Amino acid sequence: MIPMIGATKTAFEKAKPRPLSETRSVPAIGYALFEENRHVLDDPALNAVEITFERAADPLRLGRCLGELDFAYVSVHALQLSPASPDPPARAYLDALRALAEENGAAAVSDHLGFTRDGTGGVEMGHFTPPPFTAAALDATCRNLDLIQDYFRGRPFFLENIASLFHFRGTMSEAEFLTCVLQRTGCGWLLDVTNLYANARNHGYDASEFLRRVVPAARRLQMHLSGGFFDAEAGLYIDSHSRAVPEEVWALYRQALELGRGKVAAVFIERDQDFPDEAGWRAEVRKARRIAEETEVRA
Amino acid sequence: MTDLTEPESPYAEQLRRYARALAAGRADDVSAALAEGSSPAHVMLFTEGNRAKRHEKLRAQLEFVAVAFTGFENLLAAYLRDRPPAASDTGAGDADRFLEWLGKTCGLTPEQHDYVACQRARHAVEAEAFRNRAGHVRFQELWATAQRRAAALDTDAGLRVHLNPIRAWSRFATAALLHTERVLPADVLFFAVGTEICTAVLEPKGRERIEELASYGPCTLNQWAGRTRHADGGELVELCRDLAEMGLVAFS
């Protein structure tokens, strides 16, 4: 039988963006939003939240996905802008992203440095992968980022470094490529510390050196922290967002806070599976704040 | 700058080869392009992970249709093998493409046809809400006061009638999904009510009135009555009250 479902009504209001002062030194800190962590979003250590578009954008939704909750900093995180594709992002997707950002008062939007598809009329791969680090890829990425930033004018855009199981042959390193992108477009860097740790471990480079090289090129930063595991069979560290943040990542986080002092807008912890108990949720966000405050005091 | 306006610029061609190989799980096709330290085995980890996630998502989205088929998993597996997701697919795009493929590939029984039609109509409503988010939100705001305003339809000639913009028609050939025996085939309207999708099975006259209203756009009852030759003002008032109760019209 076709279900006849009763109507519900939720008041819908557009929230005003609440940009965080860029001179503020201790970043806003919070979680990537999941139903499983809503119950700890009132923690005093937490004043930011990241909304992943693909999880929040029920086309029939009426109200804010944040409900009555209020945060100093909200960011909308996208998965399908595919900035390294030869074609620009689809207009409908941009419009939907902006609608979600407006409804929730988001101060920023972000997506990943990679491609999820070839071009219009082509195929979707299901996940992003890094482009070959070449001049042509740099041109395409920068052109798309210019379009994206122009579209979201007033809401800074942040580009995330991704964890990749493989790389295509190119003419420059990932650090060089990312530095050029940040310098040419002026977009922010969503530094995923765990992705950096995973890539450094899997592809054999120095994560600290990567930070020293790229952080100065970024006008503004957001950060992601998460935990994964080492897959002995594959010989790879997998950033699964399923474990507590490892000590090595906390150490890189400290270094990134020091290098990026004064321009880190927000830090988000990502946990997508094998969720911790309430104490675990609270402990991790408090640790992220404590480290940020200690870094500030030392400075 | 590289000329990116050419659809087949070397970079576009390069990414097309990579994306199609990765979407189809053909790791060997990109092995020559991998950087030192990367291997086809690493590529396979990537493609197999993507395929598993896609399979899981499709299975969840198509649960309703699956009950109408024996060997549904085999059909899904064949689709996953044959068809990569289309660029910029969002929401239920891949699931809808599967249903289209199913209709072309398998001889559907009339009941299976109805299950597929029902699911595709739900996808069409969601896709319309995605495209016309402002229209969806605005209509639902208006609809919140529709019951109260419907009472004034006889007396307030200035009230304008708005048709719910988030809707899609389907046609069922059997009674498999209908509550009661109807004259078949039956026209079924799917539409958004709040955050849910509701349905209405309408008589041919009801469908005609809905289509009239869709073509006129928001209008007063007098304007509607003046343009249609098939109903008088009194009939339209009653119709509007019924439609408002269902969530299909609202007033301003």
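All values reported here derive from a predicted model rather than from experimental measurement. Numbers restart at 1 for each chain; the letters A, B, ... are given by sequence-line order, proteins then strands.
- Your options are A:Leu165, A:Asn202, A:Leu138, and the one with the most heavy-atom pairs under 4.5 Å with chain B is A:Leu165.
- Interface summary for chain A: among B:Ser38, B:Ala86, B:Ala87, the most heavy-atom pairs under 4.5 angstrom belong to B:Ala87.
- Contact detail for B:Ala192 and A:Leu60: the closest heavy-atom pair is CB-CD2, 3.7 Å.
- A:Glu102 and B:Arg133 are not joined by a salt bridge, as no carboxylate oxygen comes within less than 4.0 angstrom of a charged side-chain nitrogen.
- Across every non-hydrogen atom of B:Leu15 and A:Pro86, the tightest pair is CD2-CD, 3.7 Å.
- Residue-environment remark: CD (B:Glu63) stays at or below the threshold of 12 foreign heavy atoms within 6.0 Å.
- Counted within 6.0 Å of CD on A:Glu36, heavy atoms from surrounding residues, nucleotides or ligands total more than 12; the atom is thus considered enclosed.
- At a heavy-atom separation below 4.5 angstrom, chain B is approached by A:Ala234, A:Leu236 within residues 231-243 of chain A.
- Ranked by heavy-atom pairs under 4.5 Å with chain B, the first of A:Gly122, A:Gly126, A:Gly119 is A:Gly122.
- Using a 4.5 Å cut-off between heavy atoms, A:Pro89 does not touch chain B at all.
- Taking both residues in full, the closest heavy atoms of A:Pro59 and B:His136 are given as O-CD2, 3.9 Å, listed atom of the first, atom of the second, then distance.
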With a 3.5 Å cut-off and sequence neighbours excluded, list the donor-acceptor pairs that the side chains of residues 20-31 of chain B form with protein atoms.
residue : atom : partner  : partner atom : Å
B:Arg20 : NE   : A:Asp118 : OD2          : 2.9
B:Arg20 : NH2  : A:Asp118 : OD2          : 3.2
B:Arg26 : NE   : B:Asp29  : OD2          : 2.6
B:Ser31 : OG   : B:Asp28  : O            : 2.9

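- For the ring pair (Phe, Tyr, Trp, His ring centres under 6.0 Å) condition, the pairs that include at least one residue of residues 27-57 of chain B, sequence neighbours left out, are A:Phe166-B:Phe46.
- Ranking A:Gly121, A:Ala92, A:Pro132, A:Ser85 against chain B, the residue ahead of the rest is A:Pro132, based on heavy-atom pairs under 4.5 Å.
- Around CD of A:Gln273, the count of heavy atoms belonging to other residues, nucleotides or ligands within 6.0 Å exceeds 12.
- Interface remark: A:Phe168 contributes backbone and side-chain atoms alike to the contact with chain B (heavy atom separation under 4.5 Å).
- With sequence neighbours excluded, the residues that form a ring-ring contact (aromatic ring centres under 6.0 Å, His included) with A:Phe128 are A:His112.
- Atom CD of B:Glu36 sits about 10.5 Å away from atom CZ of A:Arg169, to the nearest 0.5 Å.
- In terms of heavy atoms, A:Ala84 sits closest to B:Tyr11 at O-OH, 2.6 Å.
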